[in-house]
Trainee: 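Input: one structure, supplied below.
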Amino acid sequence: MSFLYLQLRNLVWATSKHDVYLLLHYSVLHWSALNGVDTEIMDVHGHVAPSEKHPGSLLEGFVHTQISTMAVKDNLLVAGGFQGEIICKHLDREGISFCCRTTYDDNAITNALEIFNTSSGALHFIASNNDCGVREYDMERYQLFKHFRFDWPVNHTSLSPDGKLVIIVGDDTDALLIDANSGKTINSVKGHLDYSFASAWSPDGLTFATGNQDKTCRIWDARNLSQSVHVLRGNVGAIRSIRFTSDGQFLAMAEAADFVHIFDIKSDYNKRQELDFFGEVSGMSFSPDTDTLYVGISDRTYGSLLQFGRLYNYSYLDSLL
């Protein structure tokens, strides 16, 4: 695995205990835990163009796309690029469904993506960009649905479980809690000392977490944002990725390299399991059944996938290489 932009850590997604999607060089791969086989889903090294026609889709596609982030949910894979590219592929269809460029700004990196279902069941995704924009796309109509602008580059965005609130973090010490419909700021969340790169909502819909360059992950209660309710400290680096299990029992936070920390929320975050390895963290994802955590690791010449189970044992899945 090779990463050109060290702030980005969202390149591993588990859609089940047995299905993991990740980026390896210029290939998006599916790895099966059942047979230990990886299959190429999309090659972005050459020419990538949509096989379907939709308004706003760039039919000429892209060439030699450098993937900066991706997300996978409900048979939809969305990949973002360093030049603002968006590539959408339905895993149950042949070819690419949709391509667009979110922005032609010189600072166009797509920093994060989140796929979600609206209250009506429609499939949407949110793109967070370095051009200070957050854009929501409707994948039923393949159209830009909303576009919110901020005063600083947005590194990560998380939608609350009920779809009403969004936490925005980026190149500012404060995070923002905004209304998902209007984009209006509800509260400015103060406490971190540097820029933030990660965020996540707990399934309870009441608490959320932010990961910062000040080497902390802070836990917040949306009902009272005067101060964080917990400060979880890393060892040596910025917190670049945060994930809650779907049952809300555990939280995992990853530093830029070498360490992933797993907290037992039922113990009021007092119980911690630490994974210590050598390499940069490309991303991490809990399987939906919350039994397994997958972590992508790279030392720039070598990549592997780490599989961590509830029994606190882990192994490297070098068959991916």
Side-chain angles (χ1 to χ4, degrees), residues 1-49 61-73 75-83 85-92 94-97 99 109-115 197-198 240-241 243 252 254-258 260 275 277-287 292-308 314-321:
M1 298 179 187
S2 178
F3 310 104
L4 304 176
Y5 192 51
L6 300 183
Q7 296 176 358
L8 306 174
R9 295 290 184 270
N10 298 290
L11 297 169
V12 174
W13 290 86
T15 56
S16 76
K17 182 178 179 179
H18 306 295
D19 298 284
V20 186
Y21 295 85
L22 71 156
L23 181 73
L24 181 61
H25 304 303
Y26 283 90
S27 292
V28 177
L29 303 178
H30 166 255
W31 183 79
S32 170
L34 292 175
N35 54 28
V37 174
D38 57 88
T39 305
E40 185 176 78
I41 300 298
M42 185 167 62
D43 178 9
V44 297
H45 187 269
H47 183 217
V48 176
F62 305 113
V63 177
H64 200 68
T65 308
Q66 295 178 335
I67 298 298
S68 55
T69 187
M70 68 182 207
V72 186
K73 176 182 169 65
N75 273 328
L76 175 65
L77 184 153
V78 183
F82 280 76
Q83 303 300 320
E85 302 98 332
I86 294 289
I87 302 171
C88 301
K89 175 177 174 54
H90 289 275
L91 299 175
D92 55 352
E94 293 292 331
I96 305 300
S97 295
C99 289
I109 300 171
T110 306
N111 288 327
L113 295 162
E114 181 177 3
I115 303 171
F197 297 100
R240 305 291 191 180
S241 184
R243 295 286 186 268
E255 299 183 41
D258 301 341
V260 170
L275 308 183
F277 46 82
F278 179 77
E280 297 173 4
V281 180
S282 65
M284 63 176 184
S285 180
F286 279 109
S287 59
T292 306
L293 174 69
Y294 290 98
V295 182
I297 303 166
S298 167
D299 65 3
R300 291 193 173 277
T301 58
Y302 179 88
S304 62
L305 191 67
L306 182 151
Q307 184 182 47
F308 177 84
Y314 60 92
S315 59
Y316 294 92
L317 307 174
D318 294 335
S319 61
L320 282 167
L321 304 176

Trainee: Tell me every residue that passes ring-ring contact (aromatic ring centres under 6.0 Å, His included) with His18, counting only those two or more places apart in sequence or in another chain.
Mentor: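 ring-ring contact (aromatic ring centres under 6.0 Å, His included) list for His18, sorted by chain: empty.
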Trainee: Between the side chain of Ser32 and the main-chain N/O of Val37, is any donor-acceptor distance below 3.5 Å?
Mentor: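 Here the side-chain-to-backbone pair does not exist.
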Trainee: Side chain of His64, backbone of His45: donor and acceptor closer than 3.5 Å?
Mentor: yes
Trainee: Within a 6.0 Å radius of atom CD on Glu94, are there more than 12 heavy atoms belonging to other residues, nucleotides or ligands?
Mentor: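 No, the 6.0 Å shell around CD holds no more than 12 heavy atoms from other groups.
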Trainee: Between Asp258 and Gly279 (side chain of the first, backbone of the second, donor and acceptor by atom type, cut-off under 3.5 Å), is there such a pair?
Mentor: yes
Trainee: How far apart are the closest heavy atoms of Ala14 and Ser285, and which atoms are they?
Mentor: N-OG, 2.9 Å
Trainee: Does any part of the side chain of Thr15, heavy atoms only, come nearer than 4.5 Å to the side chain of Tyr21, both counted from C-beta?
Mentor: yes
Trainee: Treating Lys89 as the side-chain partner and Gly95 as the backbone partner, does any N or O pair qualify as donor plus acceptor under 3.5 Å?
Mentor: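 Here the side-chain-to-backbone pair exists.
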Trainee: For residues Val20 and Val12, determine if any side-chain heavy atom of one lies less than 4.5 Å from a side-chain heavy atom of the other.
Mentor: yes
Trainee: Okay, side chain of Ser68, backbone of Thr110: is any donor-acceptor separation there less than 3.5 Å?
Mentor: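 Flag set: sc Ser68 to bb Thr110 pair under 3.5 Å.
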Trainee: Can you tell me how far the OG1 atom of Thr39 sits from the CG atom of Leu29, to the nearest 0.5 Å?
Mentor: 8.0 Å
Trainee: Between Leu293 and Val260, does a side chain to side chain contact (heavy atoms under 4.5 Å, CB included) hold up when you go through it step by step?
Mentor: CA-CA 10 Å; Leu293 174 69; Val260 170; 4.2 Å; yes
Trainee: Would you call Asn111 and Phe197 a side-chain contact if the rule is heavy atoms closer than 4.5 Å?
Mentor: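 Not in contact.
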Trainee: Minimum heavy-atom separation for Ala71 and Leu113, please, with both atom names.
Mentor: CB-O, 3.7 Å
Trainee: Rounded to the nearest 0.5 Å, what's the gap from NE2 on His47 to OG1 on Thr65? Could you check?
Mentor: 9.0 Å
Trainee: How many angstroms lie between CG in Asn10 and CG in Leu23, if you round to the nearest 0.5 Å?
Mentor: 12.0 Å
Trainee: Hey, could you give me the CH2/CE distance between Trp13 and Met284, rounded to the nearest 0.5 Å?
Mentor: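 Between atom CH2 of Trp13 and atom CE of Met284 there are 10.5 Å.
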Trainee: First locate atom CD1 of Ile67, then atom CD of Glu85, and finally report the distance between them rounded to the nearest 0.5 Å.
Mentor: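 The CD1 atom of Ile67 sits 7.0 Å away from the CD atom of Glu85.
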Trainee: Does the side chain of Tyr294 reach to within under 4.5 Å of the side chain of Leu22, using non-hydrogen atoms?
Mentor: no
Trainee: Quick one: OG on Ser97 to CG on Leu91, what's the gap to the nearest 0.5 Å?
Mentor: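 One gets 9.5 Å once the value is rounded to the nearest 0.5 Å.
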